[in-house]
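The structure under discussion is supplied below as structure tokens; questions concerning it will follow.
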Amino acid sequence: MENVQRLDCPVCGGKGTFVITSHQIDIPYFGPVLETTMICEKCNFRRSDVFPLEVREPKKYKLKIKSEKDLNKRVVRSSSAYIEIPELGVEITPGPLAEGFVSNVEGVLNRVDNILQTLIRWAETEEQKKKAEELREKIKNIKEGKESATLILIDPLGHSAIIGEGVEEEELSEEEVEKLKGGIVIIDSEKKDEKE
């Protein structure tokens, strides 16, 4: 069942242009979630989120992306989840504007690629552009099965998951949950190597 509401836009003030659409979906092996999208028809402000309707344990999921089959594994990311792809030095942390989504592994890689395209347009130096282009090439190779990578999803509230065969799943300790809730950022692989 889909629920649609029209309100005045809190961003641009458009009268009745802010459309909130929400509907409940049942995701196999994960459970029921409420998917919500907010779009202003005037200023094009957009926000979406996914809210689990069941209480879950804090979890960490790991998937080694090795083949095209892995690209189709389902990813449910709530706004409280961290995403890391160490081989790319990618880290997506939760924050006030973090969005939840239901996608697949390829969709996550596409999101990262879109961010890199934006970074290339805004890059101040040729070195920054070159680094972003190299990462885009790695993503292309991962999607074509020429390179592998690890997708890590960590949610201290337990509202996220990677679903499919070959996914490693572990519960987070109370200490890990407190660190994540306290805003301690996950360190990317290059920084880890520098510390060792």
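On a predicted model such as this, the values are computed, not experimentally measured, just so you know. Basis for what follows: all heavy atoms, side chains included, without hydrogens, waters or symmetry-related copies. We count residues from 1, following the sequence as given.
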Gap separating the NZ atom of Lys73 from the OH atom of Tyr61, nearest 0.5 angstrom: 15.0 Å
Distance under 6.0 Å and angle within 45° of ring axis: Arg111 vs Phe101: yes
Donor-acceptor pair, side chain of Arg47 and main chain of Met38, under 3.5 angstrom: no
Intermediate values then yes/no, salt bridge (Lys or Arg N to Asp or Glu O under 4.0 Å), Glu84 and Lys60: CA-CA 11 Å; Glu84 185 178 357; Lys60 177 179 186 177; over 6 Å; no
Mind listing the side-chain donor-acceptor pairs of residues 161-172 below 3.5 Å, one per line with the distance, residues two or more places apart or on another chain?
residue : atom : partner : partner atom : Å
Glu169  : OE2  : Lys59   : NZ           : 2.4

Test side chain to side chain donor-acceptor pair (under 3.5 Å) applied to Glu127 - qualifying residues, sequence neighbours left out: none
Donor-acceptor pair, side chain of Ser160 and main chain of Ser78, under 3.5 angstrom: yes
Cluster companions of Val19 among Ile, Leu, Val, Met, Phe, Trp, Tyr (side-chain spacing under 4.5 Å): Val4
Charged N-O contact under 4.0 Å between Glu147 and Lys140: no
Other ILVMFWY residues reachable from Ile39 by side-chain steps of under 4.5 Å: none
Residues in side chain to side chain donor-acceptor pair (under 3.5 Å) contact with Asn110, at least two apart in sequence or another chain: Lys143
Thr150 and Glu87: side chain donor to acceptor below 3.5 Å: yes
Fellow cluster residues of Trp122, listed by chain then number, with links counted only when side-chain atoms sit under 4.5 Å apart: none
Distance-only donor-acceptor check, side chains Ser80 and Asp155, under 3.5 Å: yes
